[in-house]
Each structure stands twice: as structure tokens, then as C-alpha cells.
Amino acid sequence: MLTGKNIHKSFDDLEVLKGIDIDVEAGEVVVLIGVSGSGKSTLLRCMNFLEMLDEGEITVDGRKVNHKKDDLSKVRAEVGMVFQHFNLFPHKTVLENVAEAPIIVKKINKKQAEKEAYAILEKVGLSDKADVYPGKLSGGQKQRVAIARALAMEPKALLFDEPTSALDPELVGEVLQVMQDLANEGMTMVVVTHEMKFAKEVADRIIMLDEGRIIEDAKPEIFFNHSENERTRQFLEMVDV
Amino acid sequence: MLTGKNIHKSFDDLEVLKGIDIDVEAGEVVVLIGVSGSGKSTLLRCMNFLEMLDEGEITVDGRKVNHKKDDLSKVRAEVGMVFQHFNLFPHKTVLENVAEAPIIVKKINKKQAEKEAYAILEKVGLSDKADVYPGKLSGGQKQRVAIARALAMEPKALLFDEPTSALDPELVGEVLQVMQDLANEGMTMVVVTHEMKFAKEVADRIIMLDEGRIIEDAKPEIFFNHSENERTRQFLEMVDV
Amino acid sequence: GEDKDTSKEKKDDGSYDLVNEGSLTFAASGLYKPFNFEEDGKLTGFDIEIGNAIAEKMGLKPNPVTNPFETIMQGLIGEKYDAIIGSMAYTKERAKHANFTEPYYYSGGMIFVSENNTEIKSVDDLKGKKIGVVAQSTYEEPAKTVSDNIQYYSSDVVALKDLTVADRLDAVITADIVGLEAIDNDFAIKGIGKPLWVEQPSIAVRPENDALRKEIDKALKEIIEDGTYDEISQKWFNRNLLDLDLEGVELLE
Amino acid sequence: MPDIFITLFEVFMRTYEGFLKAALITLELTAVAIVIGTLFGVMFALMKISQSKILQTIANLYITLIRGTPLIVQIMFLYYGITSIIVLSNFWAGAIALGIHNGAYIAEIFRGAIQGIDRGQQEASLAVGMNRRQAMRRIIFPQALRRAIPPLGNQFIITLKDSSLVYVIGVSELFGLANREAAASFQSFETFLVVGLYYLVLVLIFSGLLKWYENKLNVDK
Amino acid sequence: MPDIFITLFEVFMRTYEGFLKAALITLELTAVAIVIGTLFGVMFALMKISQSKILQTIANLYITLIRGTPLIVQIMFLYYGITSIIVLSNFWAGAIALGIHNGAYIAEIFRGAIQGIDRGQQEASLAVGMNRRQAMRRIIFPQALRRAIPPLGNQFIITLKDSSLVYVIGVSELFGLANREAAASFQSFETFLVVGLYYLVLVLIFSGLLKWYENKLNVDK
Ligand SMILES: Nc1ncnc2c1ncn2[C@@H]1O[C@H](COP(=O)(O)OP(=O)(O)OP(=O)(O)O)[C@@H](O)[C@H]1O
Ligand SMILES: Nc1ncnc2c1ncn2[C@@H]1O[C@H](COP(=O)(O)OP(=O)(O)OP(=O)(O)O)[C@@H](O)[C@H]1O
Ligand SMILES: [Mg+2]
Ligand SMILES: [Mg+2]
């Protein structure tokens, strides 16, 4: 469904991604882990075309994306993204945050878009906050709105970049719950997270990045218990599973 | 030598010192400890007249200091102070930092003052840095210069407010060494510190402040091993001696 | 004033353009008492009343406006007003850019000095002295011929005021009437002798609007003939400004 | 001493009707100049942060020219430049000159405000499928505008004072009138003192409003 | 098009001798105004941060009055005010007016710079026995001065442009000369363009020096 082939990406002199091959099947939940600076965020951002590739290609739903010819904003809408710091639009209400893109990108009429947005908010348990501005929400609520906002574009896949690491510990659960529900409904997801419990229970596959390369790609039970990779074992010790 | 009687001090509505009696004898080394916010810094600053008392009095070398009548800057020069963040004068060389006050406060002639400053720098092991600006020094070196600067005024007592807590761990030793040397030479010292080893080995007495009151005042061996005070034992557990 | 899309073409049929239909809009600096200045928020003075009389003769509504002297020509060319009736004297240089009517008064250029000044008694004493003139006034040239130490001003009042400050300025050359007005307002200055230069304040219009100049000239002549002019001049100066003995003085142009 | 106060009071009483009207013109000039300046400012700010080198260069040139020369020179230059092309009233010539001048300063205000918006806002907008233009128009700019209001208010106050310079092209605002009053009454000292008070009062009123708005903004946060 | 360049060149060649002299006067005016402004600025900054309510009030009044009124009104007012007290040439009257104006802005620069110095510097000075005055003179102020230099340089550039306004009191600096040139030659557009370039060059030179100094300062850190 979402594939990357031989992805290379450098910033100035720093080569951050050194040839990544990744293939996410429809309905699959892939958790991406690795130490800080290993290139996890950059990989996600490449898969959503927020960064241009230096080399390699990305295929969405069987269609190869051409950076020059395609309207990237169209393609981006097919792959949603949820950010560590939520990045909600502070000058718009929760409902407007969710309905904004359908209205101006998909040109759906406002009434209809708001009705659908409301339904999505209900799904993430926040319909009662529809008319509130993001400033009044807790971190966990913000992240659930951010997920709703991404869902509103009916993406084929969702990327999450450390969605819970800016949250107070007591608020992590509600966001993971929403993500788990999505996974259960069959959403294709790529999740960068340090929540090993989530990885163990929800992921179909775990991919370990190290210095811009994939050094392990395995099912959770194998990854956590039988990994033969030195770096993986170091990492697992570090995150203290 | 340095006595405070019934010291009260408030900031707006917050009463920080609630009647402190403290008596430091000549040549004595007193270590002041207490949790953050207990009033340690405020007490030191009162003893050096950087803060005015609301009530109570301070006696230096037998002379009661009158805040209104006395020239506080004269009295201050008799009680030196070393700060957590060094507060060296960045626009003056190390030598000038040390010689400045003797020249402009004591009106000693410049040559003589610099000669003496150099001697003091030798004592703290920094005569080779005399012509360097503070910006080029390590934290430990800065603090040793700050001590030299205080010594240059030939104070009767020296106050230290957490002199090592802004330092990288590997630089703490050199500063403590200088302080220990001073103690051995018979300098009267009041030291706020979390360095329990220093307290144990160098202090003649340890005073524990809690919420603006002295709750314990004892020799180190008693303080560390036989304290009957609940708060003291909690504190000692916390700092992990 | 309102924006107006007037064509700049010359018209041959004797008709003329007006910035405001039915009104004669004319400009003065408003800083030149008693010729043009503001009183109770209204422009008044000799120039203004002459302008009003001319407009009435032409069957137009008079509309006096102010514009600083520095930019008064540009305002005319930029069609902010139809004419300058602001004690602007005819000079050859100015005539290259605007068309001038006959002079509507003669003005004598006079030397003014501080009340206490005993040194300067005639134009010959001005050599090397510091002389103040209004920049671009017609007195700039005579000043330059007697001294090369010239101080420029944009207002006569500022220049005359500086005379009262020791060492700032030795003399000011300006219209006698303006200096006398300042004396009336308790400026500690005095005039030296009789007017030495005479300038010819005239009314300026845009070159392409020469038909208007002709009409104004006609109206000017009429008010001189029917006594209106004399009445206005007597009111402000107790004499007729056009009655001047031009013998022995230099006509500035 | 009381003498001067009596004279001042006389001057004040004699002139207040004219000065109140002139103050209105000053305010109108200022308001129009800020509106024009804001249009220019937004345009050049967008050019400056655009991807196009040419647009950037044009914006930099404009900003450098305006910030590198005195306002009064700009007024004169534009006055002579504009009048030879189109016919404008003095008021509009002055307002446009002030507006063009303001544009350079306001451009920097907007550029700062836009670049001060968290990058995440742009990324989030792109991630939901907006293109750059939509992201700017719907997400970045509205937030930047809100931030730009305090410095714009400050610029308004600066313009209020700067508007005194268009007297050179014959606009009857406060300073122009004061000049004429001074020349007519020969009471220059008193007249300029009085007109100074008019400006002061206006500036203080707008500074007060600005402070109030800033406090409100802080409380809202 | 080439026509205008030929005219410009002619105007330039005809006027450059006068303009170079006038530019010198502009620079002298600016320099004197900055020196006077700095003296005033330091004085009022110290008053503003002093313990005395009276001194604070005086400083606030001064700063409010200057910042609340247009420079050109201040020039006129001071010109007539100063004139009735002491005897000054127009150059000095203008320079002093600009200096007093600058003083208010420079006071804020120094106040900011002084208050930006870490409080620990004051405490360390007192702790070694200095009194407040010594601490200010020997420790705080020298550091504040170094910090104040970039904003002072900026103020210099602002003053360079503002100095154009003293033409109203008859100082023959760049703008005053340009005005006369323009009126005499009736080539207003070209003249103001040329004088604008003089200002631009001066401003760019000083901006360049300022950037260079700021970079040096950053490297030194
Ligand atoms: N826009 C950029 N410009 C320059 N360097 C960048 C940029 N974005 C990322 N990098 C660098 O690329 C490397 C990989 O960054 P990336 O954010 O992908 O790591 P990460 O695995 O997500 O780390 P973390 O767990 O800290 O988020 C880092 O060294 C980072 O500094
Ligand atoms: N200048 C001041 N104004 C207002 N409150 C102050 C001031 N100085 C100190 N305080 C308050 O007084 C209390 C005691 O402060 P003090 O610095 O003496 O504590 P401390 O024991 O030195 O703590 P720490 O270990 O954190 O340095 C704190 O609550 C502090 O916030
Ligand atoms: Mg990351
Ligand atoms: Mg402390």
C-alpha cells in the first residue's frame, strides 16, 4: 500500500537516510523505533512528501509518486500525519480544525463537512469539545483532535511521529486507545513511538532504524524476545522494557 | 565574630526568615543546609547586607551594624561573598577582577594592589591566568577567581552560596580544595552547599534550615549519625549520603 | 480639493480649465503676513482679498488654499489649484514654467537688522556679512551679490526672529511690508533706508491654461479701474501699492 | 510665569476650532497611510518570504530604499513623481507617500510575524492536503495578523507623528496649520507648544489603547 | 528612458560639490546630535533606574513628551524656546534639538542595556565593598555601554535621516540644499532622487559598519 524503495536523504553534509526499503501493507500497523537521530522522523516526513527525496521512490497504493509532475498536496492528503506537538490550528475551533481541510481541499460544502467532522470527533470521544479552541484542551485531547483532523481527509494510511511523547504520563493512555481502535478497524499505520507496550500489543511489525538504515524488521514477539541484533538488544535494554 | 539575632525577613507576603539566631566564631566553618526555598541564600544575603532585615540585628566582630547609619559598603567588604554563578566581571581580566575592589574601595595604589592580587591568584593556583578574561575560563577556574576576588578585600569572614552547584562534576574538586585550604588557614566561613562530604570533613558545625527557622545546629558527627530531628533525617535520605 | 481628470491640452476657444468647476482655486503659503495668513481658521490678507475680488469679477467662487512656498509651483503644475496668488514675483526663470499676469503690486526689498545694530547703515555695509533670505525668494539674488555668507530660510518670520538673536545673523533682506509687520509685532528689529530693489508679484497659472491668464489679467485691470483694488490696498497698507516711484531702483526679474 | 499660561490659554482658545479640524485630518491621513502601508506591507512581506529570487530582490530593494532615505525626501520625490503622472489632491498625495513609506516598515512587521508562526502550522496544513497558498491564506496569515497588531499599532503612532511632514506638500494637518498660525500671530513658541499638546494627547490615547489590547491579548493566552 | 539618466547625470555633476559639503554638514549634525543625545540619554536612563521617585518622574515626563510629539514640532518649539534664552547658531540650535530628541530614545537604549546586565554583577560589586555609584560606574555601565553600541549605531542611522528636518530652521544640510536646488532648477524630481541617493549611500555605509561590528561582537563572545 505504502512503499519506499532505496530512500536516500541528506541535510547538507549529513546523510540521514542511507537507502531505506519499506513496504507497508494495507491494514498493517508498523512501529518504527530507533535511537534519537537515527532518522525516524525524516523517514516519516519523506513518506508524506514533507521532505523531498534525494534518491529512491515512494509508491502510494500502487501509484509511483513523481515529485516534479504530481500535485504533492493531493498525494499528501492520502497519507495523513500526526505530529508530536499536535500542531492544531489555534485560531480555529476543534470542529473547524477537523472540517477545514475537507472544505478547502476537497471542496466539500461546509454543512456537510462539519457534519462529518462532528462524527469523527464523536469517534475520538471529543464531540463535546467541538466549539472549543485548542488552547483550552489538555494534551491528550489535542492529540485526539489532531488524529480526527487527519482522519477527516479519509487517508489511506496514517503516520504518527511520537504522538504521545509530549504528553504527561497520565494522558498517554487515551491517545493510545484511540490509535488502537483505529488499528482494530483496519487503518494502515506507521507509528514512531517509544511506547513498547503499544508496540508489543498492537504492531504487526516492528522496524528498527539505526543511523539511517533498517537493521531489523520483525514481528513483535520475535523482535522483543529473540532478536539477534546487538544494537536492537542494546536499544531494548535502554528503553527498559 | 559574625552573629545574627532574631533575623526576620519577608518578601511581600512571604516570610522567608522567621527569627534566626546564628553565631559564627572566629575561625569556625559553618555549613548551612536545607531544602530549596528554606531560606539559606536569603540568610547569607542578610548577613552580607545585600538584603535589609525586617527585624533583628547583625554583629560583625563585636560591632552592631546599623543599617541606617553605617556605610554598608564598608561593612560588606569585611564579610566576603562567593556566589553560585561566580558573577565575575566579564570586561576585566582575572587580575583586574581581583585587584578592582582594593583599588577603588580601599584606594590602594594600583601597582601594589596588582602585586597583592597576583599573590592571591597564586594561592588559588591561577597566577598563569592573570591576564585572561573570565570568558576563557572553566567553571572551576571562575569560581577560584571569585574566591580570590573576595579574599583580596581581606575579609574577616567569607560566605559561600552553593559555590559548586553550577559546576560540572569533574570541576567541583578543585574549588572544594581551595575552600578546604582556606578553612585550614583559619578563615571564618559560612557555606551553603549540598556537598555532604565537604560538610562532614571540613565543617565545625552544621546548621539545618527549614522554612525559615533553624531546626538543627550540631557538630557533623552528631548531625549525620545521631540526629533526632525528623526533617533532618528526611533531608539526609534525600541527598543520599 | 477633489480629484479631477482635466486634460492638459491647450484650448483655443477662449475657455479655460478649472480644478473646481465654478471656482477660482488659488494658492498662497499662508505664512506671509499681512499678504496671506490665517485668522480664525480662515485665509486672509492682501493677496487673498485681491484674489477674491478677481474671482468675483470673473463670476467665479473664490477658493483660496494654502501650500508651502517650497512646493507651490509644483502644486500649480500638479493641478492642485488654478493660480498662485501668493506674492510670488515674476522672474524669467519662473516664467519658463508658468505664465504670469501683470504685477498686482510692487514690493520694495529692504534690509532689516537688529534694533541694536549700529554698524549697518546701507547696502554697502553688507559686504561679507551674514545675510538671511527666504530660499527662492527674489531677494536671494541681490543678497548673493553683496555677500557670500547667506543663510536660507523657508519663512520670513523665522529669518526676522533670528535677527533678534545676537550673532546668528547680521541682516535680512525681505519685503519692506513684511518687516514692518514684524516690527508691529514687537520684533526688536529695524529697517535700513529706502527700498533698493523692487519685485513684481504677479499671478501665475499653468502655461497650457493661458486663456485663464488672459481672463485674470482682464479682471485685474477692471478692479484697478473701478477702485476695488485701491480700497483693498488702503485697508491693509494705508496706501496704494501700485503707486510706487520706480526711479532709481532695480526691478528684479 | 502666569503670563505664559495666560498667553497659552489665549492661543489655545483662539485656535482650538481649527486645530480640532486639523487633528481630524491628521488622523485621517494616518489611517489611510496605515491601510495603504498594510497592503504594501503584506505584499512585500509575502514577496520577501516567497521562493522566487526575483520577488525577494524586488522586496529587498524597496525596503532598503525606503529605510535608507529620509521620509521627507520620499514625500518630495513621490510628490513630484506622482503629480507628473496622475492628478491627486494633496491629501491623497500625502497619504500615498506616507503609505508607501509605511509599507517598508510594515513589510518587516509582517515578515517577522509570519516567520514567528511555528513551522508545525505549515507542516500540519500541508499534511492535510493544503497547498502552500492555502496554508498561507487560511492558517499562517490569520495567525500572523493577530501577532502583527501590536507592532502595527506602534507603527500607527509613529505614522501619526510622521504625518506632520506632509505639511510640505500643503496638507492642512496639525503641523501645517500650526505653521500658519505661528506666522500669522507671531507667537511661534506658544503655537508650537499647543500643537505639541495635540499630538501628545493623540499619541497617549493610542498608546493607551495599544497597551489595553496587548494586555487583553496576554490575558486571552 | 536614457533621457532621464542623462538629466540625472547632469543634475549630479552640477550639484555634487554643494551636496558633498552639505553631506558633511549632515554628518556633523548627526554626530553632534548623537553625542548630545548620549549625554542626555545616559543621564535620563540613570534617573529612570534611580531610587528617587522624583528623578524617575522627571525622566518619564521627558521621555513621554519627546516620544509623544513629532520631531519637527520639537525642532520648531526648541528653536523658538532656545532662541529666547541663549544665543546659538542655526547649526547648533538644530543639533541641540536633534540631540534632545535623541536623548529620549537613547535613554531607553541605555535603560534596556543597564537592566539587561545580570543582577549578579551588581551584587558581586556590592559584596566586594563598592557602593552603588562605584558599582554603576566601574562594573555595570561599562558592560551596558558595550551592549548599547549596536542600538546606538541604529539610532545614528535614524538620526542621519531625521537631520533632514532641521532644514526648517535654515541649516544648509543635504535636504535644505536639495530643496533650494529643486526650486532653482525646477528639476525637483531629479534633485530629490539625487539627494535620496546621498542619504542612501550614507545609510548603507553606516549599516555596513554596524553589521561588521555586530558580527565582531558575536565572534568575540
Ligand atoms: N531540516 C533539517 N535540517 C538539517 N538537519 C536535520 C533536519 N531534520 C533532521 N535533521 C538531522 O537529521 C538527523 C535525523 O533526524 P530525525 O529527526 O529524523 O531523527 P529521529 O530519529 O526522529 O530522532 P528523535 O528521536 O530525536 O526525534 C538528526 O541528526 C537531525 O539533526
Ligand atoms: N528577591 C526576592 N523576592 C521575592 N521572593 C524571594 C526573593 N528572594 C528569595 N525569595 C523567595 O524566598 C524563598 C527562600 O529563597 P532562598 O533563595 O533563600 O532559598 P534557598 O534556601 O537558598 O533555596 P535554593 O536551595 O533553591 O537556593 C523562596 O521561596 C524564594 O522564592
Ligand atoms: Mg523524531
Ligand atoms: Mg539559594
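Within every chain, numbering begins at 1; the chains are lettered A, B, ... in the order of the sequence lines, protein sequences first and strands thereafter.
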Heavy-atom cut-off 4.5 Å, strictly under: side chain, backbone, both or neither for [X] against chain E?
X: D:V201; result: neither
X: D:T64; result: both
X: D:F77; result: both
X: D:L160; result: neither
X: D:L193; result: both
X: D:N179; result: side chain
X: D:F206; result: neither

- [ ] Could you tell me which of E:I158, E:V203, E:L204 has the largest number of non-hydrogen atom pairs under 4.5 Å with chain D?
- [x] E:V203
Open item on the list: At a heavy-atom distance under 4.5 Å, which candidate from E:T191, E:L165, E:D162, E:V168 has the highest pair count against chain D?
Closed with: E:L165
Open item on the list: Could you tell me if D:R147 and D:Q143 have a donor-acceptor pair between their side chains, going purely by distance under 3.5 Å?
Closed with: no
TODO: Please check if any side-chain donor atom of E:T69 sits under 3.5 Å from a side-chain acceptor atom of E:Q74, or the reverse.
DONE: yes
Task: Which atoms of E:Y167 approach chain D - backbone, side chain, both or neither, heavy atom under 4.5 Å - done: side chain
TODO: Against chain D, label E:F189 side chain, backbone, both or neither, depending on which of its atoms sit under 4.5 Å from a heavy atom there.
DONE: both
- [ ] Indicate the ring-plane relationship of E:F110 and E:F141, choosing parallel, tilted or perpendicular according to the 30° and 60° boundaries.
- [x] parallel
Open item on the list: Would you say that more than 12 heavy atoms from the other residues, nucleotides or ligands in this model lie under 6.0 Å from the CZ of D:R67, or not?
Closed with: yes
Open item on the list: A quick test of your reading: do over 12 heavy atoms of other residues, nucleotides or ligands sit less than 6.0 Å from OH of D:Y213?
Closed with: yes
TODO: Give, for atom OH of D:Y105 and atom CZ of D:F44, the distance between the pair rounded to the nearest 0.5 Å.
DONE: 14.5 Å
Open item on the list: Within the 4.5 Å heavy-atom criterion, are D:E108 and D:K48 side-chain neighbours or not?
Closed with: yes
TODO: Please name the residue in the list E:N154, E:T30, E:T26, E:N102 that meets the side chain to side chain donor-acceptor pair (under 3.5 Å) test with E:T159.
DONE: E:N102
